[in-house]
Peer 1: 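What follows is a single structure, and I will ask about it in a moment.
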Amino acid sequence: MAGILLDIHLAESYSQGLGDSMTNKFEKNYDTLPSFYTSILKHHDVSFEDFNEAMDWYKQRPVNIDTLYGKVINQLNELKAVKGINDLKEDKKEESVKRTADSMKRQLSAADTAKNKTDSLQKKSIFKPKPTTPEEP
């Protein structure tokens, strides 16, 4: 059952990329889904009625459906790892970390530049600090 659900969720996701224009690019293409479902069930040698009956059984047993979807999620994560696919949130997180690191590098560089300028001005200054001597008794 986990394999069937995995294929169904992949088909659902794929159908969203089949829009006929840029305006509905992320809406499900309901014209293609029935053929995907038919193909998936045929591939797994399961009738539509048997699939619906199994889903009804799982709906009555929340713990079992939770376990089932845990397997589906694990399979999806394995597939994403093989394909090198990152979640959008992970991409944004990595981008944010990179921007923060770049910003910190720039700040450190600016601080180093300012310190070097200060050191350079002190070396060139005609008003050098008077050396301190220990007090005489």
Peer 1: Main chain of Ser35, side chain of Ser39: is a donor-acceptor contact present, judged purely on distance under 3.5 Å?
Peer 2: no

Peer 1: Going by side chain to side chain contact (heavy atoms under 4.5 Å, CB included), name the residues that satisfy it together with Asp50, two or more places apart in sequence or in a different chain.
Peer 2: Val46, Ser47

Peer 1: Assess the residue pair Leu10 and Tyr14 against the criterion (side-chain contact (heavy atoms from CB on, under 4.5 Å)); give the C-alpha distance rounded to whole Å, side-chain angles, the decisive distance to 0.1 Å, and a yes or no.
Peer 2: CA-CA 6 Å; Leu10 290 173; Tyr14 180 72; over 6 Å; no

Peer 1: Who passes side chain to side chain contact (heavy atoms under 4.5 Å, CB included) against Ala2, sequence neighbours left out?
Peer 2: Leu68, Lys71, Val72, Gln75

Peer 1: Name all residues meeting the side-chain hydrogen bond (donor to acceptor under 3.5 Å, both in side chains) criterion together with His43; count only those two or more places apart in sequence or in a different chain, and write none if there are none.
Peer 2: none

Peer 1: On a heavy-atom basis, which atom in Ile4 and which in Ile40 lie closest, and how many Å separate them?
Peer 2: O-CG2, 4.1 Å

Peer 1: Say you draw a straight line from CG of Leu6 to CD1 of Ile73; how long is it, rounded to the nearest 0.5 Å?
Peer 2: 11.0 Å

Peer 1: So how far is it from Leu5 CG to Ile65 CD1, rounded to the nearest 0.5 Å?
Peer 2: 7.5 Å

Peer 1: Can you list every pair that meets ring-ring contact (aromatic ring centres under 6.0 Å, His included) and has a residue in residues 44-65, with sequence neighbours left out?
Peer 2: none

Peer 1: Could you state the interatomic distance from CD (Glu12) to OH (Tyr37), rounded to the nearest 0.5 Å?
Peer 2: 3.0 Å

Peer 1: My understanding is that only residues two or more places apart in sequence, or in another chain, count here; which of them pass side chain to side chain contact (heavy atoms under 4.5 Å, CB included) with Lys42?
Peer 2: none

Peer 1: Looking at residues at least two apart in the chain, or sitting in another chain, which of them share a side chain to side chain contact (heavy atoms under 4.5 Å, CB included) with Lys59?
Peer 2: Asp56

